[in-house]
Trainee: 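Dropping a structure here in structure tokens format, bear with me for questions.
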Protein chains: 2
Amino acid sequence: MSGAIQSLSRAAAILRLLAGGERRLGLSEVATGLGLAKGTAHGILRTLQQEGFVEQDPDSGKYQLGAELLRLGQSYLDVHELRARALVWADDLARAAGETVYLGVLHQRGVLVVHHVFRPDDSRQVLEVGSMQPLHATALGKVLLAYDPVARGELGDGPWEAFTPRTVTEPAALDAQCALVRERGWADAVEETWEGVASVAALIQDRRRNPVGAVCVSGPVETVCEGGAVRPSLVASVRTAARAISRDLGAHRF
Amino acid sequence: MSGAIQSLSRAAAILRLLAGGERRLGLSEVATGLGLAKGTAHGILRTLQQEGFVEQDPDSGKYQLGAELLRLGQSYLDVHELRARALVWADDLARAAGETVYLGVLHQRGVLVVHHVFRPDDSRQVLEVGSMQPLHATALGKVLLAYDPVARGELGDGPWEAFTPRTVTEPAALDAQCALVRERGWADAVEETWEGVASVAALIQDRRRNPVGAVCVSGPVETVCEGGAVRPSLVASVRTAARAISRDLGAHRF
DNA sequence: TGGAGGGGTCGGCATCGCCGACCGGTGGTC
DNA sequence: GACCACCGGTCGGCGATGCCGACCCCTCCA
């Protein structure tokens with residue numbers, strides 16, 4: 001676990017900087033933003049451009065992310081075993097539940113959505129594959145926190161950002177919820193990320209029973225909940241789907 | 001346009017190698033595949049792993065692409081101006097045409113799909129955003145070939161791969177088709193990529209009238225064509241959508 | 001018309017990363 | 001069961017390589 005290659009780490013930092021800022025960034029902005037000499041930043045950007053990882057606006061000379069990243073991101077999905085196994089189960093789950101289905105894996109300090117099935121109605125929806133969800137305020141995140149020590153480590157000590165009045169922001173409360181998740185075998189999040197939205201999630205394990213991801217059903221509180229709590233039939237559907245995916249991944253039967 | 005940073009170029013080559021092979025690759029495979037010393041390849045892979053661009057299977061020690069690429073790919077889409085402007089128009093087009101809609105840009109030797117609207121029926125479809133289409137055998141590609149000299153340059157001299165008996169594989173024939181595309185203002189491809197599939201595409205220009213992409217409607221020959229030719233109403237819809245998007249991008253009115 | 005800031009270039013220096021020999025573990029084979 | 005072939009990984013010395021900061025030209029603005 002010795003040192004990293006300097007130029008590569010810097011290139012990664014530049015890409016993340018470009019991904020973070022909403023707009024294009026100029027050479028000087030990149031250089032000062034990362035504390036690099038202009039010449040250094042330029043050399044890295046030039047190479048990244050040749051490789052297609054960044055593009056340069058011909059008018060302004062400013063830089064943005066490049067198309068090659070999209071292509072490689074798609075390739076990541078293509079070889080993703082969990083996603084491949086889960087495709088059909090997620091589809092069935094969405095159909096049965098009549099709600100949106102997400103499949104997420106732990107990535108850095110959040111949950112990365114690797115699959116997303118639209119709610120089976122005709123409403124206009126945008127695909128969220130590739131986007132991140134907070135660990136402490138979603139059902140997907142709480143499942144990972146409860147079962148994956150790495151996730152809990154990444155999150156740190158809080159207090160965390162409150163997205164709604166119901167967001168759990170204190171470590172003690174969150175850890176208590178995680179204990180409950182482990183006890184029940186599923187997690188919920190009712191109006192903790194967005195007002196009016198509730199979700200239920202369950203854990204997916206690989207052949208060695210390691211936590212590798214989570215599957216979740218999400219929708220309006222009016223349809224997901226019943227009398228203030230998540231509808232038991234939804235919980236059952238999600239847990240069944242999670243078990244099915246885990247079995248497909250080679251987890252031993254119960 | 002002087003030299004590139006060696007370690008960065010090599011890292012990009014490793015990522016492409018991992019994206020190309022369907023399965024995970026071992027350290028030695030990567031090293032020999034690119035003609036690198038094992039130690040060198042290991043150093044790059046270690047750094048890429050720390051940055052999240054590759055992941056390592058704990059059992060086999062083999063490497064695959066990492067989740068950070070998916071996240072950055074999504075960020076690329078987020079800042080993509082053409083895609084943002086085209087979202088609503090593509091939606092309308094799909095609804096009006098009753099067929100699948102693709103939005104593509106030139107990337108290396110192919111067309112990169114940056115947006116994809118499912119055909120508005122309940123059939124099971126997989127999202128193709130981030131995938132590549134051949135330049136010489138799709139409507140999207142032929143539009144770009146006709147209007148973007150860079151695209152024609154990238155493609156080279158052929159003969160190109162034949163996907164079906166109707167694929168155009170010879171330069172003379174393709175250039176003639178491109179001339180026709182410029183004359184008519186739209187391109188079609190009937191069973192040139194897949195048997196039974198036909199598509200129509202039109203050019204999208206930016207504020208300086210440069211070609212920046214293409215929009216396309218694609219579906220079964222039975223519904224897209226009529227008497228051996230593409231239905232004129234579809235052509236009109238696609239061209240109208242392309243003009244609308246171009247106008248949104250700031251292209252001067254006609 | 002000047003100046004401030006932009007992106008881009010260049011060459012010299014020392015740093016940084018490349019290389020190939022080496023290590024420990026593992027799975028296959030006879 | 002002992003060997004061997006090959007795996008992923010490590011290490012240190014040498015030299016290529018990439019970093020830095022001064023410099024250039026252009027545009028925009030005062």
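Residue numbering restarts at 1 for every chain, and letters A, B, ... go by the order of the sequence lines. Heavy atoms only: backbone and side chains are in, while hydrogens, waters and symmetry mates are out.
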Trainee: From C-beta outward on B/Gln6, which listed nucleotide comes closest to its side chain: D/dC19, C/dG8, D/dG18?
Mentor: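 When the side chain of B/Gln6 is considered, D/dG18 is the closest of D/dC19, C/dG8, D/dG18.
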
Trainee: Just call it for A/Ser28: base, sugar-phosphate, or nothing, with non-hydrogen atoms closer than 4.0 Å on any strand.
Mentor: sugar-phosphate

Trainee: Distance check, rounded to the nearest 0.5 Å: A/Leu48 atom CG versus B/Ile5 atom CD1?
Mentor: 8.0 Å

Trainee: Starting at atom CZ of B/Arg46, determine the distance to atom P of C/dC19, rounded to an integer number of angstrom.
Mentor: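 The distance from CZ of B/Arg46 to P of C/dC19 comes to 14 Å, rounded to the nearest Å.
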
Trainee: According to salt bridge (Lys or Arg N to Asp or Glu O under 4.0 Å), who are the partners of A/Arg182, at least two apart in sequence or on a separate chain?
Mentor: none

Trainee: If the condition is side-chain contact (heavy atoms from CB on, under 4.5 Å), which residues does A/Val79 pass it with, not counting sequence neighbours?
Mentor: B/Gln64

Trainee: Atom NZ of B/Lys62 and atom P of D/dC6: how far apart are they, to the nearest Å?
Mentor: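 It is 14 Å, rounded to the nearest whole Å.
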
Trainee: For the helix from C/dT1-D/dA30 to C/dC30-D/dG1, what is the angle between the axes at its two ends, each from 5 pairs, rounded to 10°?
Mentor: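 Taking five pairs per end, the axes differ by 40°.
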
Trainee: Between atom CD in A/Glu29 and atom C1' in C/dG5, what is the gap in whole Å?
Mentor: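 Rounded to whole Å, this separation is 12 Å.
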
Trainee: What pairs of nitrogen or oxygen atoms, one from the protein and one from nucleotides 28-30 of chain D, lie under 3.5 Å apart?
Mentor:
none

Trainee: In whole Å, what is the span from the CG atom of A/Leu45 to the C1' atom of D/dC19?
Mentor: 15 Å

Trainee: Quick check on D/dC7: is either OP1 or OP2 less than 4.0 Å from any side-chain nitrogen or oxygen of B/Tyr63?
Mentor: no

Trainee: Quick one, which residues of residues 7-18 of chain B touch DNA chain C with a heavy atom under 4.0 Å?
Mentor: B/Ser7, B/Arg10

Trainee: Does any part of the side chain of B/Leu69, heavy atoms only, come nearer than 4.5 Å to the side chain of B/Phe53, both counted from C-beta?
Mentor: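 A side-chain contact under 4.5 Å exists here.
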
Trainee: What residues form a side-chain hydrogen bond (donor to acceptor under 3.5 Å, both in side chains) with A/Glu81, not counting sequence neighbours?
Mentor: A/Arg85

Trainee: When rounded to the nearest 0.5 angstrom, what distance separates NZ in A/Lys142 from NE2 in A/His136?
Mentor: 10.0 Å

Trainee: Looking for any heavy atom pair under 4.0 Å, which part of the strands does A/Gly26 touch: base, sugar-phosphate only, or nothing?
Mentor: sugar-phosphate

Trainee: Where the side chain of A/Gln56 is defined as all heavy atoms beyond and including C-beta, which of C/dG7, D/dG8, D/dC20 is the nearest nucleotide?
Mentor: C/dG7

Trainee: Got a salt bridge between B/Asp78 and B/Arg83, using NZ or NE/NH1/NH2 to carboxylate O under 4.0 Å?
Mentor: no

Trainee: A/Leu27 has an atom CG; how far is it from atom C1' of C/dG5, in whole Å?
Mentor: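 Going from A/Leu27 (CG) to C/dG5 (C1'), I get 12 Å.
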
Trainee: Just how far, in rounded Å, is P of C/dG7 from CD of A/Gln49?
Mentor: 13 Å

Trainee: Output the rounded distance in Å from CD1 (B/Ile5) to P (C/dT9).
Mentor: 14 Å

Trainee: Can you identify which nucleotide, out of C/dT9, D/dC19, C/dG6, has its nearest atom closest to the A/His42 side chain?
Mentor: C/dT9

Trainee: A side-chain contact here means heavy atoms from C-beta on lying under 4.5 Å apart; do B/Val129 and B/Val114 qualify?
Mentor: no

